Amino acid sequence: MPKIKGKLGITEFYDVIFKGEKVTVSEEVIKTVQESHNFLKDFSQNKVIYGVNTGFGPMAQYKIKDSETIQLQYNLIRSHASGTGNPIAPAYVKAAMLARINTLSLGNSGVHISVIELMVELINRDITPLIYEHGGVGASGDLVQLAHLALVLIGEGEVFYKGERKPTEEVFKSEGLKPISVELREGLGLINGTSVMTGIGVVNTIYTRRLLEWAIACSSAINEIMEAYDDHLSKELNQTKKHKGQREIARSMRSHLKDSTLTRKREHHLYTDNNGVKVFEEKVQEYYSIRCVPQILGPVLDTLNGVERIMIEEVNSANDNPIVDVEKKHVYHGGNFHGDYVSLEMDKLKIVVTKLSMLAERQLNYLMNSKLNDILPPFVNLGELGLNFGMQGVQFTATSTTAENQTLSNPMYVHSIPNNNDNQDIVSMGTNAALITKKVIENAFEVVAIELITVVQAIEYLKVQDKVSSKTKKMYDAVRKIVPPFKEDPIMYPYVNEVKNFIINHENN
C-alpha cells in the first residue's frame, strides 16, 4: 500500500493506477501540512499575500476584504471550471490526483489537511472527478482542469462512480463524504499547479515503456521470419556505440532470440568459400527496418528514461504559487506553476513514439510486400491470391494512423499564445502536449497491434511455430487466442481492437 511521504516514484503510480492499491498518508505529512497551513494563516495577517487576500492574475492589484476571502476561493474554483471537449480517462485523472496530493504534502502550499484527506478517499473509493481535456494553457499550471478537481472537492460538479457519471453531491451523500474545509487559500492551492499534465505524463511514460517492449518483440520476431543474420544485434557491434539505449535494445533482442533456430550466423554463410559467385541470391544485409532497430529504438529508450526522470522530479516538486517556507518564516512569490518542463518532455516523448510507429509501419510494409521479402505471399495472404486479401485492408489503417502521428508530433512547447490580459504572456501548453502525446501513444499501439497480427500470420504461413524463440512462441500463442489463423477474409476491426487492447493491458515479459 503506497504511503504519501512527500516523495513518489513510478512504482507507486503503477501500483495505485494499474493495480488499484489504496493510498495512505504518513503522520509526518499530516503534521507538515498542518504546520504550513497554520503558519500561513498567522503570517498573512496584515500582509498582502497573493491569492489569500488579493484577486487573481491581472486582478491581483485588488485587495479583498477579510470578510470575503473565503468567498474569493469559491469564486475562483467555480469560474475556472470551464473545460470542454472529451472527459479525461479515469486512470489519468487518478494519476493527476496522486500527483496533486504529493505536491501539497510537501508543506509549501498552506492548504488545509482536509484537501489531502478527501483526495485520498476519492482515489481509494474509485471516485473520479469529471475533468475535460480542453482548457489548460499550462502557465499557472492546469488552472481549468484542476478547477474541475477542486469543484468536486467542494462538493460540486460531477464524478464517475461505478461506471456512471453522477453529481458529486449525490455520490458524497451515498459514500458519507464531506467537502473540504475552505479556510484560507484552498482554491488557489488546488488549481495553481502542474499536476494534471504531470499525472498524464507519468501514465504516458508507463504506457510507452510497455509499447516499447512490444515493438522490441515484433522486431525480434521479424528477424526470425526473415532468417536474418544476427551480427547487427551482437554485443561486439553495439558496444562500439556509446549510447546506453542502443546497447540495451540490442541486448534485449539478443535475449528474445537466444533460443531461436531461425536467425543465422554470417560466418556460416557469407564468410565461407564464395569463390565464383558474382551475384548473391539473398541480400547480404537486411533492410534498415530490420538491421537498424537498436539504432532506431535506442533513442526511444534513452528519451523515455529522461522523460520519466523529469516527470518524477515534477511530481516531487512544489509547483504552485506562492510558496510557503515554514522554516524561514516567509512566503515567496514566483512561477513554479509554469509547465515548461512537462511540455518539453511530452513533446520529446511523442516524437520518439511517432518514430517507433514509423518503424513498425515500415516493418509491416516489408512483411506485406512479397517483392521485398521474397518468402511471403502478398499481404501475407494465406488464402487464394486475387480472391482473398489477407492483411491488405489493415495496412491502410496502419499507414493512416502513422501519418496522423507524424502530424501530431509537431511540438506544443513553442506554441505559446499570450492570454489572461497578457499576465500570462508566455505559456507552456503543457496540458495539451501531454494529451496529444497520450493520443500518439494510443495510435502507436494500433500500428503495433496490426504488425503483431501480421507477424503471427507470417509464422503461420512459413510453419515455423516450432523454430521460433520461446518468447516469440509465447507472443504467437497469445495472439492466436484472439485471432485464429484465417484464409478466408474475416471482418478485421474487432481483431485489431482486441489485440490492441491486449497489448495495452499486458506487459511483454
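What you see is a predicted model; the values in this text were computed from it and never measured.
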Checklist entry - Looking at residues at least two apart in the chain, or sitting in another chain, which of them share a ring-ring contact (aromatic ring centres under 6.0 Å, His included) with His415? => result none

Next on the checklist: When you measure from the side chain of Asn369 to the backbone of Asn365, do you find a donor-acceptor pair of N or O atoms at a distance under 3.5 Å?
Outcome noted: no

Item to check | Asn321 side chain vs Gly334 backbone, donor-acceptor pair below 3.5 Å | outcome: yes

Checklist entry - Is it true that a side-chain atom of Ser252 and a backbone atom of Ile249 form a donor plus acceptor pair closer than 3.5 Å? => result no

Next on the checklist: Keeping Trp214 on the side-chain end and His506 on the backbone end, is there a donor-acceptor pair under 3.5 Å?
Outcome noted: yes

Checklist outcome for this item: Hits for ring-ring contact (aromatic ring centres under 6.0 Å, His included) against Tyr366, two or more places apart or cross-chain, chain-then-number order -> Tyr287

Next on the checklist: Quick check: closest heavy atoms across Cys218 and Val448, and the distance to 0.1 Å?
Outcome noted: SG-CG1, 4.2 Å

Next on the checklist: Looking at Val23, is its backbone amide N or carbonyl O close enough to the side chain of Asn124 to form a donor-acceptor pair, meaning the two atoms are under 3.5 Å apart?
Outcome noted: yes

Checklist entry - For the side chain of Thr401 and the backbone of Ala398, is there at least one donor-acceptor N/O pair under 3.5 Å apart? => result no

Checklist entry - Can you name the closest pair of heavy atoms from Glu12 and Gly9 and give their distance? => result OE1-N, 2.7 Å

Item to check | Non-hydrogen side-chain atoms of Leu104 and Leu190 separated by less than 4.5 Å | outcome: yes

Item to check | Contact check, side chains of Ile312 and Thr205, non-hydrogen atoms, under 4.5 Å | outcome: no

Report all side-chain donor-acceptor pairs from residues 432-441 shorter than 3.5 Å, counting only partners two or more places apart or in another chain.
residue	atom	partner	partner atom	Å
Thr437	OG1	Met346	O	2.9
Thr437	OG1	Ala433	O	2.7
Lys438	NZ	Glu442	OE2	3.0

Item to check | Partners meeting side-chain contact (heavy atoms from CB on, under 4.5 Å) with Glu460 (sequence neighbours left out) | outcome: Leu382, Gln465, Tyr476, Arg480, Pro485

Item to check | Check against salt bridge (Lys or Arg N to Asp or Glu O under 4.0 Å), Asp477 and Lys481 | outcome: CA-CA 6 Å; Asp477 290 339; Lys481 288 180 181 178; over 6 Å; no

Item to check | Ala215: partners by side-chain contact (heavy atoms from CB on, under 4.5 Å), with sequence neighbours left out | outcome: Leu297, Leu356

Next on the checklist: Please check: side-chain N/O of His80 versus main-chain N/O of Ile191, any donor-acceptor pairing under 3.5 Å?
Outcome noted: no

Checklist entry - So, does Thr208 use its side chain to make a donor-acceptor pair with the main chain of Asn204 at under 3.5 Å? => result yes

Checklist entry - By side chain to side chain donor-acceptor pair (under 3.5 Å), which residues pair with Lys500, not counting sequence neighbours? => result Glu446

Item to check | Min side-chain heavy-atom separation Asp320-Leu188 under 4.5 Å | outcome: no

Item to check | Trace of the side chain to side chain donor-acceptor pair (under 3.5 Å) decision for Asn319 with Arg100 | outcome: CA-CA 9 Å; Asn319 53 55; Arg100 197 79 203 130; 2.9 Å; yes

Checklist entry - Is a side-chain donor or acceptor of Lys355 paired with a backbone partner of Val300 at a separation under 3.5 angstrom? => result no

Item to check | Closest non-hydrogen atom pair, Ser219 against Leu359 | outcome: OG-CD2, 4.4 Å

Next on the checklist: Looking at every non-hydrogen atom in both residues, tell me the closest pair between Ser428 and Ser343 and how far apart they are.
Outcome noted: O-OG, 2.8 Å

Item to check | Ion pair Glu248/Arg251, N-O distance below 4.0 Å | outcome: yes

Checklist entry - Out of Ile453, Ile450, Val455, which residue meets the side-chain contact (heavy atoms from CB on, under 4.5 Å) rule with Leu364? => result Ile450

Checklist entry - What about Phe18 and Tyr207, are their ring centers closer than 6.0 Å? => result yes

Checklist entry - Which heavy-atom pair separates Leu376 from Leu367 by the least distance, and what is that distance? => result CD1-O, 3.7 Å

Item to check | By salt bridge (charged side-chain N to carboxylate O under 4.0 Å, His left out) - contacts of Arg362 (at least two apart) | outcome: none

Checklist entry - Please walk me through it: do Thr263 and Asp230 pass side chain to side chain donor-acceptor pair (under 3.5 Å)? => result CA-CA 6 Å; Thr263 55; Asp230 66 358; 4.9 Å; no

Item to check | Ile225 vs Val464 side-chain heavy atoms within contact, under 4.5 Å | outcome: no

Next on the checklist: So, using ring-ring contact (aromatic ring centres under 6.0 Å, His included) as the criterion, who are the partners of Phe486 when residues are at least two apart?
Outcome noted: none

Item to check | Nearest heavy atoms of Ser82 and Val144, plus distance in Å | outcome: OG-CG2, 3.7 Å

Compile the donor-acceptor pairs under 3.5 Å between side chains in residues 131-143 and protein atoms, sequence neighbours left out, one pair per line.
residue	atom	partner	partner atom	Å
Tyr132	OH	Arg165	NH2	3.0
Ser140	OG	Gln424	NE2	3.3
Asp142	OD1	Thr431	OG1	2.6
Asp142	OD2	Ser195	N	3.3
Asp142	OD2	Val196	N	2.8
Asp142	OD2	Met197	N	3.1

Checklist entry - Does a side-chain heavy-atom distance below 4.5 Å link Val93 with Phe160? => result no

Checklist entry - Listed by chain and number, what are the side-chain contact (heavy atoms from CB on, under 4.5 Å) partners of Ile426, not counting sequence neighbours? => result Ser416

Item to check | Test item: Lys348 side-chain N/O and Leu304 main-chain N/O as donor-acceptor pair under 3.5 Å | outcome: no

Checklist entry - Applying ring-ring contact (aromatic ring centres under 6.0 Å, His included), which residue pairs with at least one partner in residues 332-353 are found, sequence neighbours left out? => result His330-Tyr332

Checklist entry - For Ser469, what residues pass the side-chain contact (heavy atoms from CB on, under 4.5 Å) criterion, not counting sequence neighbours? => result Glu224, His256, Asp259, Ser260, Lys471, Thr472

Next on the checklist: Whether the Arg209 and Asn305 side chains hold a donor-acceptor pair (N or O, under 3.5 Å, no angle test) is what I'd like checked.
Outcome noted: yes

